[in-house]
> 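Structure in structure tokens, see below.
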Amino acid sequence: MSGNRESLFHQTVLVDKTPLPDSIPKVAEVGATSAPLMSASFFIGDRCGPYNDDYMLCKHEAGGKGEMECLKEGRRVTRCAISVLDDINKHCLNEFRTHWECLDNNNQQLWNCRKEEKPLNDCVFKSLGLRKIIPDTPKGRIPIHEQAFQRFK
């Protein structure tokens, strides 16, 4: 009978406690949920673009695998993202919190939080000097975050 056997598949968290080799740099976890990461994503992309490109190149050269081979590059991306979040929290905490809470409460739809996004952008542009480049913005068109008049629903 199966009632006396211990389950092989159960709902517990499995943690691999095997230490990584010394050749792989140590890095802390980002420690942010999806809403703060979404709020800071364009700024993380601006500062961490070169590290992310190195990581993606490593993954491409490894044929889409390369979990162990690309750990160094992945750790650099993580450290860079942490530095961006730390700087935003240091210089623009209130604006950042207001924006990511709006995203959290609005199913992470950016268009619902444009009003909260403007003060965050202004603070980050001024305090940190980071840019916000939205991919695939048509040439000659002003990006949504730079438009003088925006409709807020």
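Being a predicted model, the structure only gives us computed values, none of them experimental.
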> For Ile44 and Val77: C-alpha separation, side-chain torsions, deciding distance, then whether side chain to side chain contact (heavy atoms under 4.5 Å, CB included) applies.
CA-CA 9 Å; Ile44 291 171; Val77 173; over 6 Å; no
> So which heavy atom on Glu117 is nearest to which on Arg114, and how close?
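Nearest heavy atoms, Glu117 then Arg114: OE1-NH1, 2.7 Å.
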> Can you name the closest pair of heavy atoms from Ala81 and Cys48 and give their distance?
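Heavy atoms only, the tightest pair is N-SG, 3.6 Å.
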> Within the 4.5 Å heavy-atom criterion, are Phe96 and Phe43 side-chain neighbours or not?
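A side-chain contact is absent here, since even the closest heavy-atom pair is not under 4.5 Å.
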> Are Val84 and Leu120 joined in one hydrophobic group, where the rule is that I, L, V, M, F, W and Y side chains link up if heavy atoms are under 4.5 Å apart?
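They do share one cluster, since a chain of ILVMFWY contacts under 4.5 Å joins Val84 to Leu120.
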> In this structure, are over 12 heavy atoms from other groups packed under 6.0 Å from His60 atom NE2?
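No, NE2 of His60 has 12 or fewer neighbouring heavy atoms, counting only those of other groups under 6.0 Å.
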> Do the side chains of Asn121 and Lys132 get nearer than 4.5 Å, heavy atoms only?
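Yes, side chains in contact.
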> Can you tell me how far apart CD (Glu73) and CG (Leu57) are? Round to the nearest 0.5 Å.
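That separation rounds to 8.5 Å.
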> Measure across Cys102 and Asn112 and return the closest heavy-atom pair with its distance rounded to 0.1 Å.
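For Cys102 versus Asn112, the nearest heavy atoms are SG-O, 3.9 Å.
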> At what distance, to the nearest 0.5 angstrom, does SG of Cys58 lie from CG of Asp53?
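CG of Asp53 is found 13.0 Å from SG of Cys58.
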> How far apart are the closest heavy atoms of Ser34 and Gln108, and which atoms are they?
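Of all heavy-atom pairs spanning Ser34 and Gln108, the closest is OG-NE2, 2.7 Å.
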> Can you tell me how far apart SG (Cys80) and CZ (Arg75) are? Round to the nearest 0.5 Å.
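Spacing of SG (Cys80) from CZ (Arg75) equals 15.5 Å.
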> Please name the pair of heavy atoms, one in His99 and one in Cys113, separated by the smallest distance, quoted to 0.1 Å.
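What the structure gives for the nearest pair is CD2-O, 3.6 Å.
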> If Ile, Leu, Val, Met, Phe, Trp and Tyr residues are connected whenever their side-chain heavy atoms lie under 4.5 Å apart, and connections chain through other members, are Val30 and Tyr55 in the same group?
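No; tracing contacts between hydrophobic side chains, which count when under 4.5 Å, never links both residues.
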> Taking side chain as C-beta onward, heavy atoms only, is Asp87 less than 4.5 Å from Arg47?
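With C-beta onward as the side chain, the pair touches.
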> Please walk me through it: do Leu110 and Met38 pass side chain to side chain contact (heavy atoms under 4.5 Å, CB included)?
CA-CA 9 Å; Leu110 291 169; Met38 172 83 87; 4.3 Å; yes
> In terms of heavy-atom contacts, does CZ of Phe125 have more than 12 from other residues, nucleotides or ligands at under 6.0 Å?
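Yes, because the 6.0 Å sphere around CZ of Phe125 holds more than 12 heavy atoms from other groups.
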> Compare every heavy atom of Ala28 with every heavy atom of Ile82, then report the nearest pair and how far apart it is.
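Heavy atoms only, the tightest pair is CD1-O, 3.4 Å.
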> Would you kindly say whether Gln109 and Asn106 are connected by a side-chain donor-acceptor distance under 3.5 Å?
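Checked: Gln109/Asn106 side chains show no N/O donor-acceptor pair below 3.5 Å.
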> Strictly by salt bridge (Lys or Arg N to Asp or Glu O under 4.0 Å), give each pair with a member in residues 94-104 just once, sequence neighbours left out.
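Found none.
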> Counting distance only, does the side-chain N/O of Thr98 pair as donor-acceptor with the main-chain N or O of Asn94 below 3.5 Å?
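Yes.
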> Would a hydrophobic clustering, with Ile, Leu, Val, Met, Phe, Trp and Tyr connected at side-chain separations under 4.5 Å, put Leu128 with Trp100?
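Yes: a chain of side-chain contacts under 4.5 Å links Leu128 to Trp100.
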> In this structure, are over 12 heavy atoms from other groups packed under 6.0 Å from Asp22 atom CG?
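No, because the 6.0 Å sphere around CG of Asp22 holds 12 heavy atoms or fewer from other groups.
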> Applying salt bridge (Lys or Arg N to Asp or Glu O under 4.0 Å) to Lys118 and Asp122, what does each step give before you reach the verdict?
CA-CA 6 Å; Lys118 178 118 177 75; Asp122 292 342; 3.5 Å; yes
> Just by modelled atom types, is the Pro36 backbone N or O under 3.5 Å from a matching donor or acceptor in the Ser39 side chain?
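Between the backbone of Pro36 and the side chain of Ser39 there is no qualifying donor-acceptor contact (under 3.5 Å).
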> Test of understanding: clusters of I, L, V, M, F, W, Y form through side-chain heavy atoms closer than 4.5 Å, transitively. Do Met56 and Tyr51 belong to the same one?
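Yes, Met56 and Tyr51 fall within the same hydrophobic cluster.
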> Test your reading of the model: is there a side-chain donor-acceptor pair from Asp46 to the backbone of Leu130, 3.5 Å cut-off?
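No, because the side chain of Asp46 does not come within donor-acceptor range (under 3.5 Å) of the backbone of Leu130.
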